[in-house]
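Notes for the one structure printed next.
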Amino acid sequence: MESELGKKIIYQIYPRSFYDSDHDGIGDLRGIIAKVPYLKKLHIDMIWFNPFFVSPQKDNGYDIADYYQIDSRFGTMADFEELVAELHKNKIDVMLDMVFNHCSTRHPWFQKALAGDKYYQRFFYLRSAKPDGSLPTNWQSKFGGPAWSRFGHTDKYYLHLYAPAQADLDWHNPAVRQEAAKIVNFWRKKGVKGFRFDVFNVTGKAEQLVDSTDRNTEKQLYTDTPVVHRYLRELNHNSFGQDPTIVTVGEMSSTTVENSIKYTQPKNHELSMIFTFHHLKVDYRQGNKWDSVPFDFLQLKKLLFEWQTALDQAQGWNALFWNNHDQPRALNRFGDPIHYREKSAEVLATAIQLLRGTPFIYQGEEIGMTDPNYQQITDYEDIETINAYHELLAAGRTPTQAFNAVKQKSRDNSRTPMQWTDDKFAGFSTVKPWLLPTNQATINVADELKNGEIFTYYQRLFKLRKTEKLVYQGHIKPLWQDHPQVMGYLRYLDQQQLLVITNFYGQATTINLPAAFAAAKSQILLSNYQRQQLPTNKLTLAPFEALVLKLNSSSFF
Ligand code: GLC
Ligand code: MG
């Protein structure tokens with residue numbers, strides 16, 4: 001199974017922004033069907049779709065009101081079935097996004113609870129105010145403001161770790177856990193082969209919810225607690241675990257190495273892999289997302305390798321990624337989109353994709369899409385962005401400071417429409433899209449396929465991953481850990497070795513090659529500079545150069 005997982009490439013589609021087939025400014029399922037030939041060119045194995053279930057869209061579909069139906073903005077169940085069939089014809093499987101920590105307050109469960117139904121009231125965290133009249137706990141919502149809102153006209157409050165429109169489900173209640181398994185099984189019957197579990201490690205709240213004493217450690221009260229493992233094993237047993245070919249990934253913010261191992265060790269029967277986020281916080285000042293600093297390269301490497309080596313030793317498994325719909329584009333954060341857009345996109349791809357685990361790429365990454373250049377707060381749509389902007393103002397930042405802070409970190413940075421052409425609306429739609437593209441004149445699929453090099457580089461990387469055992473199955477050993485510009489590592493297995501070298505900066509730099517690799521003893525498997533020959537022992541890397549070498553096995557003996 002490990003080698004099977006290691007051969008898979010998972011592409012993420014944000015349906016709202018992929019392709020609009022019915023001219024309403026919002027991407028849809030038929031739009032995705034129309035682009036299957038494009039997807040096929042990439043040789044991906046599975047597509048993770050962000051939620052397109054019935055939802056009031058207060059958090060772009062992460063507030064689900066019906067887990068069994070397609071939201072009419074995106075299409076119909078018939079469209080979904082056709083999409084699955086079309087993808088299967090092209091050997092691409094489907095991964096759906098299961099949002100089980102919370103549901104929409106429009107969901108019948110919550111509506112029935114509001115109407116007084118005791119059975120459904122037990123689906124949620126309903127609590128009374130404290131004797132002094134203050135909220136049940138002092139917790140903050142992740143999107144700003146308190147984590148409690150008034151439960152209808154009663155004297156109770158309901159918990160929402162996210163927006164008030166997203167009520168937390170009480171996983172202590174076995175009925176909630178059974179509903180979750182039922183939903184997974186429903187979609188399995190439709191041919192779905194993958195599941196992503198949204199913010200799953202905040203399901204493990206204590207029975208007694210207590211005040212936090214410190215804002216910075218507050219989330220430890222409900223994040224990554226031991227009971228999450230039990231919930232996962234039960235869900236696995238009652239649903240996806242019944243089919244060994246199913247691929248699962250849990251979104252595990254603020255997890256630990258130890259828990260990452262537990263979640264993914266095959267013998268534990270929890271998940272195939274997890275997303276962790278520590279490596280994407282290296283441009284936060286003291287952990288504050290809205291306070292950016294240049295990224296800490298040594299820290300980035302340290303975190304990635306800490307997880308890589310620990311999971312390798314314990315048969316855990318990583319999901320490998322830079323981008324998703326919650327992150328600004330990695331190219332803007334860790335690359336140089338102005339001077340070296342193509343080369344730095346390739347360096348990022350090489351560095352992450354050849355690690356041990358299963359790579360995920362996010363729509364547009366394969367053509368080197370970058371953050372939009374918005375000028376005012378009204379250009380943004382995301383609830384977290386808008387709330388953060390107002391909180392920053394309230395905390396005393398000037399409008400320009402607040403705007404610049406959200407401009408760098410807004411989740412909308414990655415949610416802009418896929419840029420198919422250089423048209424006014426980027427070939428995404430014939431009408432004004434829900435979010436505007438700003439740089440399609442220079443970055444778009446049509447140009448990339450004609451003149452670009454990033455897309456073909458990804459194709460070569462994917463091919464390497466699928467054909468080279470060292471990549472899909474090898475162990476990992478970090479190299480040059482203290483080097484200020486180079487991220488490099490060995491993948492090794494059965495006396496064979498593969499060496500990945502990437503220069504993360506726009507200046508050339510020189511490294512010493514490991515002895516065995518120097519002097520014609522190795523072959524070049526991949527190079528983003530068309531390098532043909534290797535110098536002996538000292539290697540000077542060009543700006544944003546990526547190089548993959550394999551030791552000729554004969555040189556070992
Ligand atoms: C996850 C999703 C994010 C969403 C949140 C609440 O982090 O990726 O988009 O807002 O969960 O469901
Ligand atoms: Mg549409």
Side-chain angles (χ1 to χ4, degrees), residues 12-35 48-53 55-65 67 70-76 79 83 95-105 107 141-144 147 159-169 196-203 219 222-223 249-255 274-277 280 289 319 321 323-328 360 362 381-388 409-415 417-418 425 427-435:
Q12 183 188 351
I13 286 186
Y14 198 65
R16 217 172 219 286
S17 299
F18 197 62
Y19 184 59
D20 176 21
S21 74
D22 61 354
H23 320 294
D24 63 354
I26 296 177
D28 42 62
L29 299 188
R30 300 216 68 83
I32 302 168
I33 295 175
K35 296 295 184 185
W48 154 28
F49 295 96
N50 292 96
F52 40 56
F53 313 105
S55 159
Q57 305 285 322
K58 298 282 185 224
D59 182 23
N60 288 6
Y62 283 90
D63 46 323
I64 298 176
Y67 290 86
I70 310 293
D71 193 291
S72 59
R73 293 174 185 82
F74 298 113
T76 62
D79 294 333
L83 173 60
M95 171 181 273
L96 291 187
D97 210 323
M98 300 283 107
V99 187
F100 289 151
N101 173 65
H102 43 263
C103 66
S104 165
T105 48
H107 194 288
S141 143
K142 289 171 195 283
F143 293 155
L159 176 69
H160 53 84
L161 291 178
Y162 296 86
Q166 295 164 299
D168 278 56
L169 288 161
R196 176 228 187 221
F197 296 102
D198 187 62
V199 294
F200 198 81
N201 64 339
V202 299
T203 54
K219 57 184 175 208
Y222 54 77
T223 307
V249 55
E251 187 195 21
M252 306 298 191
S253 183
S254 308
T255 186
I274 59 165
F275 292 121
T276 65
F277 296 90
L280 295 176
K289 170 165 174 170
F321 74 105
N323 292 295
N324 67 30
H325 65 292
D326 293 328
Q327 300 287 333
F360 282 69
Y362 179 71
E381 288 287 336
D382 172 35
I383 180 169
E384 184 201 47
T385 307
I386 310 289
N387 290 354
K409 291 287 164 59
S410 172
R411 306 194 297 179
D412 283 340
N413 281 318
S414 55
R415 298 177 179 184
M418 180 75 179
F425 300 132
F428 163 75
S429 181
T430 51
V431 304
K432 192 172 172 222
W434 72 281
L435 266 188

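Just so we're clear, the structure is a prediction, and the values are computed from it rather than from any experiment. All ligand and atom numbering here is 1-based and tracks the order in the structure.
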| query | Hey, does Gln327 have a side-chain heavy atom less than 4.5 Å from the side chain of Asn413? | reply |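 A side-chain contact is absent here, since even the closest heavy-atom pair is not under 4.5 Å.
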
Within the side chain of Lys58, is there an N or O that forms a donor-acceptor pair under 3.5 Å with the backbone of Ala165? no

**Asked** For Leu161, does its backbone N or O pair with a side-chain atom of Asp168 as donor and acceptor, under 3.5 Å?
**Response**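 Between the backbone of Leu161 and the side chain of Asp168 there is a qualifying donor-acceptor contact (under 3.5 Å).
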
Do you know which N/O/S atom name in [X] is closest to the Mg ion (ligand 2)?
X     : result
Asp20 : OD1
Asp24 : OD1
Asp22 : OD1
Asp28 : OD2

Item to check | Metal check, the Mg ion (ligand 2) vs Gly31 N/O/S, cut-off below 2.8 Å | outcome: no

For [atom], what is the nearest protein heavy atom, given as residue, atom name and distance?
atom                   : answer
atom 4 (C) of ligand 1 : Asp59 OD2, 3.3 Å
atom 7 (O) of ligand 1 : Glu251 OE2, 2.9 Å
atom 2 (C) of ligand 1 : Asp198 OD1, 3.1 Å
atom 9 (O) of ligand 1 : Asp326 OD1, 2.7 Å

- Task: Could you point out which residue of Asp20, Asp24, Asp79, Asp22 forms a salt bridge (charged side-chain N to carboxylate O under 4.0 Å, His left out) with Arg30?
- Result: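 The single option meeting the salt bridge (charged side-chain N to carboxylate O under 4.0 Å, His left out) with Arg30 is Asp79.
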
Contacting atoms of ligand 1, where contact means under 4.0 angstrom from a heavy atom of [X]:
X      : value
Val199 : 1 (C), 7 (O), 11 (O)
Arg411 : 3 (C), 4 (C), 9 (O), 10 (O)
His102 : 6 (C), 12 (O)

Is the ring pair [X]/[Y] parallel, tilted or perpendicular, if the boundaries are 30 and 60 degrees?
X      : Y      : value
Phe197 : Phe200 : perpendicular
Phe277 : Phe321 : perpendicular
Trp48  : His325 : perpendicular

Report yes or no: does Arg415 have a heavy atom closer than 4.0 Å to ligand 1?
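In this structure, Arg415 qualifies as a contact of ligand 1 - some heavy atom is under 4.0 Å.
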
Going by the 4.0 angstrom heavy-atom rule, the piece of Phe143 near ligand 1 is side chain

Logged contact type for His325 with ligand 1, heavy-atom cut-off 4.0 Å, is side chain

### Query
Would one find an N or O of Arg196, backbone or side chain, under 3.5 Å from an N or O of ligand 1?
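For ligand 1, there is an N or O atom that lies under 3.5 Å from one belonging to Arg196.
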
Output field: ring centroids Phe275/Phe360 closer than 6.0 Å: yes

- Are Phe143 and His160 near enough that their ring centres are under 6.0 Å apart?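 Ring centres of His160 and Phe143 not closer than 6.0 Å.
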
**Item:** Carboxylate-amine/guanidinium contact Glu381 Arg16, below 4.0 Å
**Value:** no

